[in-house]
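Any value given below was found using the heavy atoms of this structure, including those in side chains, with hydrogens, waters and symmetry copies removed.
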Amino acid sequence: MKINIIYSKLDQLAITDANILNFLFRKIKHTISPNFIDLNSSTCENASINIFIETVNPLLIPYSKTNILLIDGSSFRKAYISHLKNIDYVFTKTTEIEKHIINSVNREQVYNIGWRSTDLAISSNQPNYSKFLLFCHDPNNFLLYQQIVKAWNENIDANSNCNLSIVNFNLCRMKKEDITNESIKIEENITQREFEILFNTAGVHICLEDHYHFSHYLNQSMLCKSIVLVPNNEVKEFASGDYAFYVDGKISKHKSLFGSKFTFSESSFTSKVNEISRLNNSTLENLGIEARSDAIKYQAKNDSLFKSNFTKIIKDTLTKSKKVSYLNMKKPLDEELPSVSVV
């Protein structure tokens, strides 16, 4: 069966999700031939199924019998809801985005399948729980990163046993001269391998977001046995153990995206950092083991959901007749055309 995976090849998260879809196809008994299509294409190959990641290109709808949209709400705006009218099924990654989508389409069209991430864990590297990590990965979140860095710079004792490593500091849009706390280290010019080692050895990851959605960063952090600092909101859907330290903050309605906007409290953030620093290493190691265990169980459950729901859709698609569209409409005979046209 031919399947078109349609996504923006300029969006790193979409690229990650496209690769994960390709991985999940291996769990399906049917033979699947994936074709990777750039979202901005005006045409594509005919396929049995189109899977759009986060955004729909209406021009490509006619090229398949079944159209699916995969979303987590991180970039799917409220204004895009009209794009769902020609979508047969919506795959959501969280119950939060599912709750909003079912208000706009038939409930039977929506499947909340959760999601998974690539496992970056290196078994030979043991986490150092006095080492904190801030991985800046979204250029649009520079204000959030600035707030986190300033909160640490101004409130965490430089003589404490806590150290903060920052990856992609340039995304903070700050000057290095603004960093005066000696416990902060800006990681520069590191290779992918060096990043993965740092990701594993930093035992506490700062996973604060200003909008709730499925987070690869959070999920991968848990897989690496990391303690995680997270917003005190719906993130408890997949980070609910004692390894998750919930930072309080202000919640308001998001203007453009579904769900709410979260602004964390600097005093709560500082308090949680200090709380972690007071725990003994044995306790932290046990919490890290629990984090990985929960992440593995979460992904196994979601893999099963994808397999069962996607297998059902494949069976339904196989019995469908080809859609009538401008691509396959019979060209009218000359005698069938009107003799006069009024424009």
Side-chain angles (χ1 to χ4, degrees), residues 11-14 16-17 20 53-55 69-81 84 90-105 110-117 133-148 151 171 204-223 226-266 268-269 272 291 294-295 297-299 301-302 305-306:
D11 184 338
Q12 188 57 51
L13 288 177
T16 299
D17 286 345
I20 289 172
I53 298 178
E54 280 297 314
T55 308
L69 173 64
L70 171 67
I71 56 173
D72 69 359
S74 60
S75 58
F76 188 81
R77 298 178 176 274
K78 296 175 184 178
Y80 296 167
I81 203 69
L84 301 181
V90 180
F91 283 174
T92 60
K93 299 181 186 177
T94 67
T95 54
E96 176 69 13
I97 188 64
E98 176 195 31
K99 179 179 69 177
H100 294 288
I101 294 299
I102 59 177
N103 292 327
S104 303
V105 299
V110 183
Y111 295 97
N112 184 36
I113 59 169
W115 203 232
R116 65 149 41 242
S117 304
L133 174 67
L134 174 61
F135 172 40
C136 305
H137 54 90
D138 185 349
N140 297 318
N141 277 346
F142 67 93
L143 291 176
L144 171 67
Y145 300 145
Q146 286 179 9
Q147 188 184 2
I148 294 171
L171 296 185
V204 186
H205 291 196
I206 301 172
C207 302
L208 295 174
E209 301 276 359
D210 62 3
H211 177 257
Y212 172 62
H213 59 276
F214 177 84
S215 169
H216 285 293
Y217 177 31
L218 171 58
N219 197 40
Q220 290 173 319
S221 297
M222 290 168 59
L223 286 167
S226 298
I227 307 302
V228 291
L229 282 159
V230 292
N232 189 7
N233 61 9
E234 298 89 344
V235 75
K236 295 174 183 178
E237 179 180 345
F238 53 86
S240 59
D242 292 337
Y243 52 81
F245 286 75
Y246 302 110
V247 177
D248 294 327
K250 179 183 177 183
I251 296 176
S252 57
K253 188 175 181 180
H254 205 289
K255 293 181 179 179
S256 58
L257 301 174
F258 289 101
S260 56
K261 182 176 181 179
F262 180 84
T263 305
F264 79 90
S265 160
E266 292 187 14
S268 178
F269 170 76
K272 296 302 178 183
D294 276 9
K297 290 175 185 176
Y298 176 77
Q299 295 201 153
K301 179 192 73 174
N302 296 339
L305 284 171
F306 178 86

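Summarising the geometry, atom CG belonging to L144 is positioned 8.0 Å from atom CG belonging to L134; distances are rounded to the nearest 0.5 Å. Annotation: the span from D17 atom CG to I71 atom CD1 amounts to 12.0 Å, rounded to 0.5 Å. Distance check: Y212 OH to L257 CG gives 14.5 Å after rounding to the nearest 0.5 Å. For the atom pair CG of D248 and CG of N232, the computed distance is 5.0 Å after rounding to the nearest 0.5 Å. The CD1 atom of I206 sits 13.5 Å away from the CD1 atom of I227 when rounded to the nearest 0.5 Å. One finds the OG atom of S256 at 7.5 Å from the NZ atom of K78 (value rounded to the nearest 0.5 Å).
Each of V90, I81, T55 was scored for a side-chain contact (heavy atoms from CB on, under 4.5 Å) with F76, with one residue passing: I81.
Between the side chains of E209 and Y217, not a single donor N or O lies within less than 3.5 Å of an accepting N or O. T94 and E234 form no side-chain donor-acceptor contact under 3.5 Å, judged by distance and modelled atom types alone. For Y298 and N219, the side-chain atoms include no donor-acceptor pair closer than 3.5 Å. For the 3.5 Å distance criterion, the side chains of K99 and N103 fail to qualify, holding no donor opposite an acceptor. Inspection of the S74 and H213 side chains reveals no N or O donor paired with an N or O acceptor under 3.5 Å.
Taking the side chain as every heavy atom from C-beta outward, H216 and T16 approach each other to under 4.5 Å. Put simply, the side chain of K93 reaches to within 4.5 Å of the side chain of L70, judged on heavy atoms. Side chains of N302 and R116 form no contact here, defined as non-hydrogen atoms less than 4.5 Å apart.
Nearest heavy atoms, L223 versus A295: CD2-CB, 3.7 Å. Pairing each heavy atom of S117 with each of Q220, the nearest pair is CB-CG, 3.6 Å. The shortest heavy-atom contact between A239 and Y246 is O-OH, 2.6 Å. The heavy-atom pair separating C207 from P231 by the smallest distance is O-CD, 3.7 Å. When all heavy atoms are compared, the tightest approach of A291 to S226 is CB-O, 3.8 Å. Nearest heavy atom pair, residue W115 against residue I20, reads CZ2-CG2, 3.6 Å.
Between F91 and Y111, the ring planes lie perpendicular to each other; the angle is over 60°, past the 30° to 60° tilted range.
Of the possible polar contacts, one joining the H211 side chain to the F258 backbone as a donor-acceptor pair under 3.5 Å is found. Remark: side-chain polar atoms of Q147 are not paired, donor with acceptor, to backbone N or O of T263 under 3.5 angstrom. A donor-acceptor pair under 3.5 Å is formed between the side chain of Y145 and the backbone N or O of H137.
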| message | Could you go through E237 and T95, starting from their C-alpha distance and side-chain angles, then the distance that decides it, and tell me whether this counts as side chain to side chain contact (heavy atoms under 4.5 Å, CB included)? | response | CA-CA 8 Å; E237 179 180 345; T95 54; 3.0 Å; yes

| query | What do the steps show when you test L84 against I101 for side chain to side chain contact (heavy atoms under 4.5 Å, CB included), and what is the final call? | reply | CA-CA 9 Å; L84 301 181; I101 294 299; 4.2 Å; yes

| task | Go through the steps to decide whether F245 and L229 satisfy the test side chain to side chain contact (heavy atoms under 4.5 Å, CB included), and finish with yes or no. | result | CA-CA 5 Å; F245 286 75; L229 282 159; 3.9 Å; yes

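Other residues, nucleotides and ligands contribute more than 12 heavy atoms inside 6.0 Å of the NZ atom of K236.
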